[in-house]
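Chain identifiers are assigned alphabetically (A, B, ...) following the order of the sequence lines, protein sequences preceding nucleic acid strands; residue numbering begins at 1 within each chain.
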Amino acid sequence: MPLLLNLSAAPALDRLMAETDTRGLEWSLQGHAAQSAWPTIAGIGSLAGAGESEISFAVSKKYLQALLTSQACAVIVTPEIDQACLEAEPGWFDRVRVLCNNPYLLYARLTQWFERARQPVVDASAPAIHATAVVAPTAELGEGVRIGPGCVVEEGAKIGARTVLEAACLIGRDVDIGEDSLLHPRVTLYARVQIGARAILHSGVVLGADGFGFAPDHHQARGGWSKIAQFGRVVLGDDVEVGANTTIDRGALEDTVIGNDVKIDNQIMIGHNCRIGDHTAIAACVGIAGSTTIGQRCTLGGAAMFSGHLTVGDDVHISGGTAVTSDILKPGRYTGVFPYAEHADWQRNAAVLQQLAQIRRRVRSLEQGASSES
Amino acid sequence: MPLLLNLSAAPALDRLMAETDTRGLEWSLQGHAAQSAWPTIAGIGSLAGAGESEISFAVSKKYLQALLTSQACAVIVTPEIDQACLEAEPGWFDRVRVLCNNPYLLYARLTQWFERARQPVVDASAPAIHATAVVAPTAELGEGVRIGPGCVVEEGAKIGARTVLEAACLIGRDVDIGEDSLLHPRVTLYARVQIGARAILHSGVVLGADGFGFAPDHHQARGGWSKIAQFGRVVLGDDVEVGANTTIDRGALEDTVIGNDVKIDNQIMIGHNCRIGDHTAIAACVGIAGSTTIGQRCTLGGAAMFSGHLTVGDDVHISGGTAVTSDILKPGRYTGVFPYAEHADWQRNAAVLQQLAQIRRRVRSLEQGASSES
Amino acid sequence: MPLLLNLSAAPALDRLMAETDTRGLEWSLQGHAAQSAWPTIAGIGSLAGAGESEISFAVSKKYLQALLTSQACAVIVTPEIDQACLEAEPGWFDRVRVLCNNPYLLYARLTQWFERARQPVVDASAPAIHATAVVAPTAELGEGVRIGPGCVVEEGAKIGARTVLEAACLIGRDVDIGEDSLLHPRVTLYARVQIGARAILHSGVVLGADGFGFAPDHHQARGGWSKIAQFGRVVLGDDVEVGANTTIDRGALEDTVIGNDVKIDNQIMIGHNCRIGDHTAIAACVGIAGSTTIGQRCTLGGAAMFSGHLTVGDDVHISGGTAVTSDILKPGRYTGVFPYAEHADWQRNAAVLQQLAQIRRRVRSLEQGASSES
């Protein structure tokens, strides 16, 4: 792992911790450096990968051996893990470490510090709107907005303060984007899409394309279709992240609504009129058909599929690859995946699958024979 | 639901019906307004969501209660539903309503009227080709073609009359697009792709990328591959809609062919040499491997998968999530989805799945024992 | 199939073979033309589709009838197939044919010859960088690099000799692309992505978007998430092809690594920290969750899914639609697909699926009864 910062720009551990968001965390610095200078932290690494200018972390005692041998100049551990290290290796007492009740969350917060520190300094004298961008005169741009090359911002769009549009973003009529959002290159927002504050949208995202709606129309041809124009919007809450090449369609008559702090991975498809509750996280390749409602704090595993017009309640966890075809109102974990096997074994068992109802009948008939005998 | 039009621009119901395409529909206006002015219709809403300037509709008697309490200023119902309303609520006789033999199709046709009415008026004095577009001198543009910012139209491309390219569409060499088509922002058509009339292509669509073809080539390395260049085209019929981020690959030697009036949702992958019959509708996230032929008037449910080199006949309906691995020649509905369950139940049952062939043997053996006893 | 070249530009068969890469192949020309001029070859077609200026090929004796009736002016066959044709039809002796130990590979190599021959001649006097491209002054462009309209190349990017960027490609800071690569229109590479030589990247590809990483963070809200910034790169070896709209995410702390000669189809998602071994081929719509390692020379069938943190060894072949949820260390073919059936049959059998554990118990109990009787 390359260092994230040059050593000359890297902070000492105590300054790093002071500048990191540690709200909600309990932590303290330990190790011999308490009596001298704390080490300089130029990056973050895994226990095995971290070099001697990098900090690392462990979330469980099962990494004890890796902890004891890590080259990292500092490690984040829970007091309990720390105690186990001390018992295993008395020299551990002199190790520079951050005791923290939640090392994984502290790791996340540290990555955010480094991410900010790594941002190229914006040249304040450079124009905020690239010369090749096309911005409609009626668009409203907040303070500090930056618009990259090749962007198009159409009539009536509003872009909140400090929001950044990287290259080639296309912002339709009357779109409304909140403050402090980041649109990576090549995001497309159709007309009237609404985005909250602090959004992160990745390349290839398309929000607001037409929902898939057609009425059977045999007037012109047997099997013909008549398009149902789609009038709803896509509305995203605050703190939403949407991964690369994900698509969310506009509603037919109502809006498609994504709650606050919803995290959506790559290549996901969310159909028209869907509603996703706050804090729900959706892994890659999930498809959610139209008019389905997903509750709050759900996790949807990769490539899970949802039929349309369903209701999935709060705190439901769906395993990857599961097809959800009916309502789920009770919290819990749900799964439906065909177990894989060596091909010949699968073939043998799959063949019987087609006879299951028949086998059940045969078992029942055997049972009746057995019970009539006894 | 916001109104679709300002009240000042909204039509009275009788004018709306006169201007709407009602070919193939039987309809009549009913209600007390027949003696005075028909109400002004500023939009369309669901029965529950429609406000008092909006029209709504019902397709079945199960919405009777919602019909009777809807705030909509007019409703579309069948004569049969109307009769049920009259029986349930005598005051219904004074309700403004459109009796129609197919309310859902009339709803679709009305959305089309509103969609046209909502289009921003094109400034006829504005240049039809945006200053930032790059159009090759040998490209042929029909009358009324409009080309948005950042578009690239390469040598030899032909674009039919009144077709609109929104921002950042990339049109390769010798592409041929029919009349009255709409390319939403950021559609990519590789060289020689052919599109019929009245197409709607959504953002992120890629038509004509190379099919996935490689010959094993162990000359340079064990397991090596030699690319098979792809020479076919992608050919779309008339009235085709293609959803956001869908990809259709060019054929290897022959073309990949999509029939007339085929409706293709988002994030679909259609491999090289496939042929899709007229009027077939394909829901999101479907994958169709190379050289598979799908018949006319089929519906393919979301995330269904098709192996390559298959033939699926006309009027076949595949449930979402189904893997089709062999030909289907008989019309009908086909399904293959592992039913989901609470995780622990799934685990228990999935484990047995691996023993199905063995269980069948055991049942057979029990049956033989039983029959030898009797 | 249209001819690939005008007849005037088409080569005679002997010249075509001399100019085609035949390394590792054994071949000879046969047929009456040996005594006169070899025919002119203007294209390649299937046995049924080839016209009289096109060459075709057969890979197995099961195409014997098609071979004997093909209009192609020349055919590629193995000596063994040739012998079968001679026996079936004595006149075959005068047929122009290429005997080759590997007709399919020779076909692939011929397509490459035609692909090169079909390339429009680059106007050497035209500027290599389109006037509408935005190239940072610190970007390094190798000799013969061509950059299309609307491209953006950011600070510090390096583009190897003869690499072509078609329209609207977006190349982030410090990206490094090898020599002789082809980026089709509208490829997005985030900062620091590294691409080897001879890559082919199709439209809509996004390499280097953030991996999907969040730490649970209940400080602000129950169910809240804290983003883990993603610091790794995406690194592609040489000779990699990536299909349209495929996404590969950058690693969290380490890199996401794609080996040499890996072939990746459309609409594939590869999560952060994955590693894919050399020569592995991945069919469309596959999803690979984060931190999974796939070995060398694997083939992953369309829409197969892989859980995260798995290890799949070398020479493993996964059937399309299979969900891989645990390590696979032994070479071989693996499958896990629910067999489809007519819907009513599926329903009947799927219902029993939920009772499998119970049925096994009942069989066991019957067996115990039977054994206690005997």
task = Report the residue from C/Val152, C/Val134, C/Thr132 that forms a side-chain contact (heavy atoms from CB on, under 4.5 Å) with A/Thr132.
result = C/Val134

key: Distance in Å, A/Asn102 CG paired with C/His218 NE2, rounded so as to fall on 0.5 Å steps   = 8.5 Å

ask   = Taking C/Ala341, C/Ala351, C/Ser326 one by one, which has the highest count of heavy-atom pairs under 4.5 Å against chain A?
value = C/Ser326

message = Less than 4.5 Å to any heavy atom of chain A: does that hold for the side chain of C/Met305, its backbone, both, or neither?
response = side chain

query = Can C/Ser226 and A/Gln112 be counted as having a side-chain donor-acceptor contact under 3.5 angstrom?
reply = yes

More than 12 heavy atoms from other groups under 6.0 Å of CD on A/Gln347 = yes

message = Between A/Trp346 and C/Tyr334 (side chain of the first, backbone of the second, donor and acceptor by atom type, cut-off under 3.5 Å), is there such a pair?
response = no

inquiry  = Test side-chain contact (heavy atoms from CB on, under 4.5 Å) on A/Ile359 and C/Val352; report intermediate values, then the result.
reply    = CA-CA 9 Å; A/Ile359 287 178; C/Val352 185; over 6 Å; no

ask   = Looking only at heavy atoms, what is the nearest atom pair of C/Ala215 and A/Tyr104, with distance?
value = CB-CD2, 3.6 Å

ask   = From A/Glu54 CD over to C/Leu253 CG, what is the distance, rounded to the nearest 0.5 angstrom?
value = 8.5 Å

remark   = Scanning both residues in full, the closest heavy-atom pair of C/Phe212 with A/Lys263 reads CZ-O, 3.4 Å

Minimal non-hydrogen separation, C/Phe231 against A/Ile44, with atom names = CE1-CD1, 4.4 Å

Smallest separation among heavy atoms of C/Val206 and A/Ala244, with atom names = CG1-CB, 3.9 Å

key: Heavy-atom side-chain proximity of C/Arg362 to A/Leu366 below 4.5 angstrom   = no

ask   = To the nearest 0.5 Å, what is the distance between NE2 (C/His219) and OG1 (A/Thr22)?
value = 9.0 Å

inquiry  = Using the side-chain contact (heavy atoms from CB on, under 4.5 Å) definition, which of the options C/Thr325, C/Val337, C/Thr335 pairs with A/Tyr340?
reply    = C/Thr325

query = Heavy-atom distance under 4.5 Å to chain A: side chain of C/Ile318, backbone, both or neither?
reply = neither

message = Quick one: does any side-chain atom of C/Asn245 pair with a main-chain N or O of A/Asn245 as donor and acceptor, under 3.5 Å?
response = no

key: Charged N-O contact under 4.0 Å between C/Lys227 and A/Glu115   = no

request  = Measure C/Ser365 against the heavy atoms of chain A and call it side chain, backbone, both or neither at under 4.5 Å.
outcome  = neither

query = Is chain A contacted by the side chain of C/Asp345, its backbone, both, or neither, given a heavy-atom distance below 4.5 Å?
reply = neither

task = May I have the step-by-step check of side-chain contact (heavy atoms from CB on, under 4.5 Å) for C/Asp210 and A/Glu241, ending in yes or no?
result = CA-CA 10 Å; C/Asp210 287 348; A/Glu241 181 159 351; 4.0 Å; yes

task = Under 4.5 Å heavy-atom distance to chain A, tell me which part of C/Ser319 shows up: side chain, backbone, both or neither.
result = side chain

ask   = C/Asn349 and A/Leu353: side-chain contact (heavy atoms from CB on, under 4.5 Å), yes or no, with the steps?
value = CA-CA 7 Å; C/Asn349 288 308; A/Leu353 204 68; 5.8 Å; no

request  = Against chain A, label C/Thr322 side chain, backbone, both or neither, depending on which of its atoms sit under 4.5 Å from a heavy atom there.
outcome  = side chain

request  = Drop me the distance from C/Thr246's OG1 to A/Asn266's CG, to the nearest 0.5 angstrom.
outcome  = 10.5 Å

query = Do you know which of A/Gln267, A/Glu367, A/Arg297, A/Glu342 has the most heavy-atom pairs under 4.5 Å to chain C?
reply = A/Gln267

inquiry  = Report which part of C/Arg173 has an atom under 4.5 Å of a heavy atom belonging to chain A: side chain, backbone, both, or neither.
reply    = side chain

remark   = The reported gap from CD in C/Gln230 to OG1 in A/Thr111 (rounded to nearest 0.5 angstrom) is 8.0 Å

query = Does any heavy atom of chain C fall under 4.5 Å from the side chain of A/Ile264, the backbone, both, or neither of them?
reply = backbone

ask   = With a 4.5 angstrom heavy-atom cut-off, which part of A/Leu106 approaches chain C: side chain, backbone, both or neither?
value = neither

ask   = Taking it one step at a time, do C/Leu170 and A/Glu166 satisfy side-chain contact (heavy atoms from CB on, under 4.5 Å)?
value = CA-CA 10 Å; C/Leu170 307 175; A/Glu166 296 193 338; over 6 Å; no

task = Give the minimum heavy-atom separation between C/Gly224 and A/His279, together with the two atoms involved.
result = CA-ND1, 3.7 Å

query = Which residue out of C/Val205, C/Val324, C/Val363 racks up the most heavy-atom pairs below 4.5 Å with chain A?
reply = C/Val324

task = Starting at CG of A/Leu105, measure out to CD1 of C/Ile228 and round the result to the nearest 0.5 Å.
result = 9.0 Å

task = Find the one option among C/Gly211, C/Pro339, C/Gly213 whose heavy-atom pairs under 4.5 Å with chain A are most numerous.
result = C/Pro339

ask   = Crowded around C/Arg275 CZ? As in, over 12 foreign heavy atoms under 6.0 Å?
value = no

task = Measure up the C/Tyr190 and A/His184 rings against each other and bin them: parallel (under 30°), tilted (30 to 60°), perpendicular (over 60°).
result = tilted

Portion of C/Ala209 that has a non-hydrogen atom of chain A nearer than 4.5 angstrom = both

